[in-house]
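This report concerns only the one structure given below.
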2 protein chains.
Amino acid sequence: MAIKNTEEQVPICAVDFAFRRIGGKYKGRLLWYLHLHKVLRYGELRRSITDITPKMLTQTLRELEDDLLIERKVYHEVPPRVEYSLTEVGKELVPFIEHLRMWGEQRMKKENIPMIQQGKCAL
Amino acid sequence: MAIKNTEEQVPICAVDFAFRRIGGKYKGRLLWYLHLHKVLRYGELRRSITDITPKMLTQTLRELEDDLLIERKVYHEVPPRVEYSLTEVGKELVPFIEHLRMWGEQRMKKENIPMIQQGKCAL
DNA sequence: CAGTATCCAATCAGATACTG
DNA sequence: CAGTATCTGATTGGATACTG
């Protein structure tokens, strides 16, 4: 079984490298929600990213984990409990996402683009 | 012919919206190079993004243009000349890309990840 | 020079059903 | 609860050849 994460290809440059780590359909939102709530369980993440399937959620979480941006903590209980949170490296990206979010809000207003959810990308 | 740009889908939230505009394999580098050089012709962009095909370059440039991040200026000369540059909205993104680039550089050092090009993602 | 057109391969993503 | 497995469809990306 081949290793399947973002590291696979040698990045062209630092911009390329960084965009690979945070690119992808759900990574921004995932990191943002984890920032807002500090700790979230698998099911909670699933309910916050309403348009994600379990397959994509697991896949994306694994990539973020491999890339050292989030931490996965398993509690060996019945029923099982798994908690996700940002690592220190992941937290370094928060200001960036925060600014980008504000930029997005402003742009959506100016261009009159509707969005599905209201407020701060709430859970 | 269907309109084919990033607006097609209603964004879930502002984070989702912003990540769609700058996501994609080449957008970050394209914006970054245009920031560094102010004005670049099609062929120059093609030579800076060494791994891009003409198809993808045109496609990505059109998306950035539709999304109001870059401007395309055609000179009706022979041979033809087309110049690309950042719009005011596009320039708003430069600080983020700059930070992200620095973050990427730091991470690549700490994780000992090699990169193909050296320096400031130079042309 | 600045692209298009066409065809094909690879990757991404979704639906659905199932498991420790 | 927190995932996996499988199959299929959609989207993205690439090679190559050609054009105003």
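In what follows, every chain begins at residue 1, and chains take the letters A, B, ... in the order their sequences are listed.
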What is the distance from [atom1] of [X] to [atom2] of [N], rounded to the nearest Å?
{"X": "B:Gln59", "N": "C:dT4", "atom1": "CD", "atom2": "P", "result": "11 Å"}
{"X": "A:Leu45", "N": "D:dA2", "atom1": "CG", "atom2": "C1'", "result": "12 Å"}
{"X": "B:Glu83", "N": "C:dC1", "atom1": "CD", "atom2": "P", "result": "14 Å"}
{"X": "A:Lys73", "N": "D:dG3", "atom1": "NZ", "atom2": "P", "result": "15 Å"}
{"X": "A:Leu61", "N": "D:dA2", "atom1": "CG", "atom2": "C1'", "result": "11 Å"}
{"X": "B:Glu63", "N": "D:dT12", "atom1": "CD", "atom2": "C1'", "result": "10 Å"}
{"X": "A:Leu57", "N": "C:dA13", "atom1": "CG", "atom2": "P", "result": "13 Å"}
{"X": "B:Arg20", "N": "C:dA13", "atom1": "CZ", "atom2": "P", "result": "11 Å"}

State whether [X] places a side-chain N or O below 4.0 Å from either non-bridging phosphate oxygen (OP1 or OP2) of [N].
{"X": "A:Arg81", "N": "D:dA2", "answer": "no"}
{"X": "A:Arg72", "N": "D:dG3", "answer": "yes"}
{"X": "A:Arg47", "N": "D:dC1", "answer": "no"}
{"X": "B:Arg62", "N": "C:dG3", "answer": "yes"}
{"X": "B:Arg41", "N": "C:dA2", "answer": "yes"}

**Message:** Tell me whether the rings of B:Tyr42 and B:Tyr84 are parallel (<30°), tilted (30 to 60°) or perpendicular (>60°).
**Reply:** tilted
**Message:** So B:Tyr84, base contact, sugar-phosphate only, or nothing? Heavy-atom distance under 4.0 Å.
**Reply:** sugar-phosphate
**Request:** Would you sort out whether A:Ile22 and A:Ile97 count as a side chain to side chain contact (heavy atoms under 4.5 Å, CB included), showing the intermediate values?
**Result:** CA-CA 10 Å; A:Ile22 56 144; A:Ile97 300 173; 5.8 Å; no
In Å and rounded to the nearest 0.5 Å, what is the [atom1] to [atom2] distance from [X] to [Y]?
{"X": "B:Leu61", "Y": "B:Leu69", "atom1": "CG", "atom2": "CG", "value": "11.5 Å"}
{"X": "A:Leu86", "Y": "A:His35", "atom1": "CG", "atom2": "NE2", "value": "8.0 Å"}
{"X": "B:Tyr26", "Y": "A:Phe19", "atom1": "OH", "atom2": "CZ", "value": "14.5 Å"}
{"X": "B:Ile52", "Y": "B:Leu57", "atom1": "CD1", "atom2": "CG", "value": "4.5 Å"}

**Asked** Is there a Watson-Crick or G-U wobble partner for D:dG20 with both distances under 3.5 Å, and which nucleotide is it?
**Response** C:dC1
**Message:** Suppose we define a pair by two distances each less than 3.5 Å, Watson-Crick or G-U wobble; what does D:dA15 pair with here?
**Reply:** C:dT6
**Message:** Counting primed atoms plus P, OP1 and OP2 as sugar-phosphate and everything else as base, spell out the protein contacts along nucleotides 14-20 of chain D at 4.0 Å heavy-atom distance: B, S or - for each nucleotide, 5' to 3'.
**Reply:** BB----B
**Prompt:** Do you reckon B:Leu34 sits in the same ILVMFWY cluster as B:Leu68, going by side-chain contacts under 4.5 Å, direct or chained?
**Reply:** no
